[in-house]
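Atom set for the values below is all heavy atoms of this structure, side chains included, hydrogens, waters and symmetry mates excluded. A, B, ... follow the sequence lines: proteins, then strands. Residue 1 opens every chain.
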Amino acid sequence: MSKPSLARGTRDFGPEQMARRNFILDTIRRNYQRYGFQPLETPALENLSVLMGKYGDEGDQLLFKILNSGDFKSKTTSEDWEGTAKSLTTKISEKGLRYDLTVPFARYVVMNRGSLAMPFKRYQIQPVWRADRPQRGRYREFYQCDADVVGTDSLLCEAEIVGLLHDIFPQLGIEDFVVKINNRKILTGIAEVVGAQGQEGTLCVAIDKLDKIGKEKVKAELVERGFQSNSIELLEPIFDLDKNKDPFAVLKEWLGSSEIAMEGIRELEQVWHFIQLSGLENPRIEFDVTLARGLSYYTGAIFEVKAQGVQIGSISGGGRYDNLTGTFGVPGISGVGISLGVDRIYDVMEELGLFPESHTTSTQLMLTNFDREAFEYGLSILSSLRRAGINTEMYPDSVKLKKQLDFADKKQIPYVMLIGSEEIQSGMLTLKNMKTGEQKKLELAQVIETILQ
RNA sequence: GAGGUUGUAGCUCAGUCGGUUAGAGCGCUAGAUUGUGGUUCUAGAGGUCGCGGGUUCGAGACCCGUCUCCCUCCCCA
């Protein structure tokens with residue numbers, strides 16, 4: 001016999017947590033639908049051939065792999081066992097848990113491209129799994145809430161995502177947030193201009209840490225990773241960019257020789273313009289040239305949302321990918337999407353005390369039951385109360401009234417109906433308000449009226 | 001994947017230098033109150049000290065291993 005325990009990095013969600021999580025999920029779902037996104041669900045399990053190689057080398061390590069069923073050993077050779085863990089894995093595991101929702105979505109689009117109306121807008125709210133080391137705000141199983149549009153290059157999509165975020169977060173009570181925006185093309189252009197083509201990935205990883213570790217350490221890291229010192233000198237404009245009123249103008253001058261950088265800048269200007277046209281008041285958007293994001297498939301705009309005043313990672317991220325379906329043999333389908341992290345949003349809301357109180361209770365009225373007669377009488381009026389729209393339950397056992405009231409108190413049920421011989425004879429039911437302790441004798445119709453008002 | 005840290009009752013935590021029967025608060029159960037919750041009072045139940053091994057006359061405490069929690073790096077939501 002062993003004590004039960006949770007798998008590392010996983011959690012249970014009890015009733016009050018679920019009420020809060022559902023509040024978040026419902027808010028997100030409602031807004032996704034209002035922008036014309038349609039629901040999609042895909043399996044928790046995917047073939048590893050679908051998942052592997054999509055998240056970089058480190059991503060493959062973070063995939064949970066599922067051991068083949070049956071006698072997987074008999075299908076391997078002794079050479080397999082002597083080789084690397086990686087090559088053995090491919091022999092004994094062919095399925096894995098999904099790592100995000102974007103890749104399964106790409107697979108779905110490819111498999112259904114004949115019948116989908118393009119551009120296709122879908123939202124997807126499901127758990128994903130990562131074999132990461134758990135920490136505050138990081139779990140091995142967590143929910144993502146994705147919304148993506150595929151099949152159009154229109155920058156309207158980028159602007160719509162910004163609008164969507166500006167609808168969702170205030171509705172959750174998170175007023176103080178920033179949508180950081182950058183464009184991968186600008187980063188590519190920078191690598192070009194400083195003479196570090198092809199080292200763009202390294203550049204991104206280092207620059208991304210600027211706000212965390214500071215300018216000098218970023219430079220040190222670049223040196224360590226083999227950057228030429230004149231390349232690093234040429235990077236200087238990046239470090240002062242946030243002090244400028246018009247960063248786009250500065251960038252245009254600096255990166256004028258790079259066609260791709262200019263394209264990225266033009267795209268962002270267009271997005272800003274669309275946001276302005278859409279009439280969004282006080283947009284909380286910020287161009288951040290140091291925003292890079294790790295996922296290698298982004299090619300255009302990239303987003304990240306930070307909640308201010310809370311020490312927690314980003315609560316949302318996303319971007320445009322020009323060729324996601326390319327790895328599945330269908331090039332040329334571009335898309336742009338956003339992913340919200342419910343678990344982190346939950347932590348932010350908890351820390352800032354933003355949960356509305358009314359979301360925890362579900363039962364409004366409990367009928368007591370202290371003998372057979374009361375039980376039968378209660379049963380006869382139970383369904384009328386429920387049909388009237390009141391969440392009602394009857395205490396299932398005939399035990400002492402004290403115990404029943406104690407239960408109602410713990411479950412924070414606001415009303416309790418006391419039924420005894422006196423009430424049954426007169427038809428006047430005793431309704432007790434658990435908050436005030438006040439009791440009244442009422443007819444059934446009056447009881448319903450009292451509770452519903 | 002690298003480094004650090006934690007684990008004692010349902011929960012939060014004491015437990016001295018290695019020494020007799022491992023404690024507190026909260027919670028739980030029962031009673032004071034056989035038709036009335038929250039407050040109060042009284043009594044009670046509840047422990048393989050994460051797990052496995054070792055040192056010792058003796059281990060909750062010391063040593064090794066392992067799992068877990070939390071943190072830093074890496075990376076990310």
Side-chain angles (χ1 to χ4, degrees), chain A residues 1-11 24 28 55-63 85-86 99-102 125-146 201 204-206 208-209 212-213 217 221 225 291-296 298 302-307 311-319 337-348 366 368-371 373-374 395 398-424 430-439:
Chain A
M1 187 196 71
S2 61
K3 282 182 187 170
S5 62
L6 283 168
R8 185 173 198 187
T10 65
R11 299 147 301 156
I24 297 172
I28 294 170
Y55 310 106
D57 296 338
E58 302 218 4
D60 285 355
Q61 277 196 321
L62 297 179
L63 284 171
K86 200 174 176 182
Y99 179 90
D100 71 359
L101 301 178
T102 311
I125 299 177
Q126 289 189 276
V128 303
W129 295 269
R130 294 183 188 177
D132 225 353
R133 181 161 278 193
Q135 261 178 55
R136 173 178 159 80
R138 305 179 74 168
Y139 308 96
R140 286 184 153 179
E141 177 186 64
F142 61 96
Y143 272 70
Q144 285 192 332
C145 308
D146 279 26
C204 287
V205 170
D208 195 44
K209 294 180 197 158
K212 251 190 195 167
I213 64 177
K217 284 191 176 170
E221 182 166 334
R225 302 214 182 206
L291 175 64
R293 297 191 58 73
L295 291 177
S296 49
Y298 292 124
I302 42 187
F303 307 99
E304 197 160 285
V305 180
K306 291 228 159 184
Q311 195 68 30
I312 208 156
S314 64
I315 51 178
S316 173
I338 192 79
S339 178
L340 306 193
V342 202
D343 303 278
R344 286 195 179 172
I345 292 173
Y346 187 102
D347 290 346
V348 167
M366 188 189 84
T368 57
N369 163 17
F370 57 82
D371 59 22
E373 202 188 355
Y395 195 87
S398 300
V399 296
K400 276 193 280 193
L401 194 57
K402 177 184 169 67
K403 194 166 178 173
Q404 299 187 36
L405 285 168
D406 204 34
F407 170 81
D409 187 47
K410 273 198 191 110
K411 209 171 158 183
Q412 294 180 45
I413 298 170
Y415 290 100
V416 169
M417 188 184 286
L418 301 161
I419 303 165
S421 53
E422 199 185 305
E423 283 85 355
I424 294 169
T430 301
L431 184 69
K432 182 180 177 80
N433 180 325
M434 292 296 281
K435 233 179 222 154
T436 61
E438 187 188 5
Q439 285 182 206

Give one of base, sugar-phosphate or nothing for [X], where a contact means two heavy atoms less than 4.0 Å apart.
{"X": "A:S421", "result": "base"}
{"X": "A:R8", "result": "sugar-phosphate"}
{"X": "A:L6", "result": "nothing"}
{"X": "A:Q135", "result": "base"}
{"X": "A:K306", "result": "nothing"}
{"X": "A:G318", "result": "nothing"}
{"X": "A:D406", "result": "sugar-phosphate"}
{"X": "A:Y143", "result": "nothing"}
{"X": "A:T368", "result": "nothing"}

Nearest-Å distance once atom [atom1] is located in both [N] and [M]:
{"N": "B:G60", "M": "B:G52", "atom1": "P", "result": "13 Å"}
{"N": "B:C13", "M": "B:G3", "atom1": "P", "result": "28 Å"}
{"N": "B:C70", "M": "B:C17", "atom1": "P", "result": "30 Å"}
{"N": "B:U55", "M": "B:U29", "atom1": "C1'", "result": "43 Å"}
{"N": "B:U6", "M": "B:A14", "atom1": "P", "result": "12 Å"}
{"N": "B:G7", "M": "B:A61", "atom1": "C1'", "result": "14 Å"}
{"N": "B:A9", "M": "B:C28", "atom1": "C1'", "result": "11 Å"}
{"N": "B:G27", "M": "B:C11", "atom1": "C1'", "result": "7 Å"}

**Gap separating the CZ atom of A:F370 from the OG atom of A:S421, nearest 0.5 angstrom** =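 That separation rounds to 7.0 Å.
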**Asked** Can you tell me how far the CZ atom of A:R8 sits from the CG atom of A:D132, to the nearest 0.5 Å?
**Response**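 Rounded to the nearest 0.5 Å, the CZ-CG separation comes out at 10.5 Å.
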Side chain of [X], base of [N]: donor and acceptor closer than 3.5 Å?
{"X": "A:E423", "N": "B:G35", "value": "yes"}
{"X": "A:R133", "N": "B:C75", "value": "no"}
{"X": "A:K402", "N": "B:U36", "value": "no"}
{"X": "A:Q404", "N": "B:U36", "value": "no"}

Between [atom2] on [N] and [atom1] on [X], what's the gap in Å once rounded to a whole number?
{"X": "A:Y139", "N": "B:C70", "atom1": "OH", "atom2": "C1'", "answer": "12 Å"}
{"X": "A:K400", "N": "B:G31", "atom1": "NZ", "atom2": "P", "answer": "3 Å"}
{"X": "A:R138", "N": "B:C73", "atom1": "CZ", "atom2": "P", "answer": "10 Å"}
{"X": "A:D100", "N": "B:C75", "atom1": "CG", "atom2": "C1'", "answer": "14 Å"}
{"X": "A:K403", "N": "B:G35", "atom1": "NZ", "atom2": "P", "answer": "16 Å"}
{"X": "A:M417", "N": "B:U36", "atom1": "CE", "atom2": "P", "answer": "19 Å"}
{"X": "A:R140", "N": "B:A77", "atom1": "CZ", "atom2": "C1'", "answer": "16 Å"}
{"X": "A:I125", "N": "B:A77", "atom1": "CD1", "atom2": "C1'", "answer": "14 Å"}

Going by purine N1 to pyrimidine N3 plus the second Watson-Crick contact, or the G-U wobble pair, all under 3.5 Å, which nucleotide sits opposite [N]?
{"N": "B:G65", "result": "B:C51"}
{"N": "B:U6", "result": "none"}
{"N": "B:A30", "result": "B:U42"}

**Message:** Can you tell me if A:F142 is stacked onto the base of B:A77, using a 5.5 Å centroid cut-off and an angle below 30°?
**Reply:**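 It does: the ring sits over the base of B:A77.
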**Prompt:** Is a side-chain donor-acceptor pair under 3.5 Å present for A:T10 with A:E141?
**Reply:**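 Side chains of A:E141 and A:T10: no pair found under 3.5 Å.
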**Message:** Looking only at side-chain N and O atoms, does A:D371 offer a donor or acceptor that is under 3.5 Å from a partner on A:S398?
**Reply:**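 There is no such pair between these side chains.
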**Request:** Hey, can you tell me if A:Y99 and A:Y55 have their rings parallel, tilted or perpendicular (30° and 60° cut-offs)?
**Result:**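 Rings of A:Y99 and A:Y55: tilted, as their planes differ by 30° to 60°.
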**Request:** Please determine which of A:L418, A:N433, A:L431 meets the side chain to side chain contact (heavy atoms under 4.5 Å, CB included) test together with A:Q439.
**Result:**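 The passing option is A:L418.
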**Short side-chain N/O contact from A:K410 to OP1 or OP2 of B:G27, under 4.0 Å** =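 No, no such contact exists.
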**Request:** Find which nucleotide of RNA chain B each of A:T436 and A:E304 is nearest to by heavy atoms, and output the residue with the more 5' nucleotide.
**Result:**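 Upstream on the strand: A:T436.
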**Request:** Under the side chain to side chain contact (heavy atoms under 4.5 Å, CB included) rule, what do A:Q126 and A:D146 come out as? Steps first, then yes or no, please.
**Result:** CA-CA 9 Å; A:Q126 289 189 276; A:D146 279 26; over 6 Å; no
**Item:** Salt-bridge contact A:D406-A:K402 (side-chain N to carboxylate O under 4.0 Å)
**Value:**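 Salt bridge flag = no for A:K402 with A:D406.
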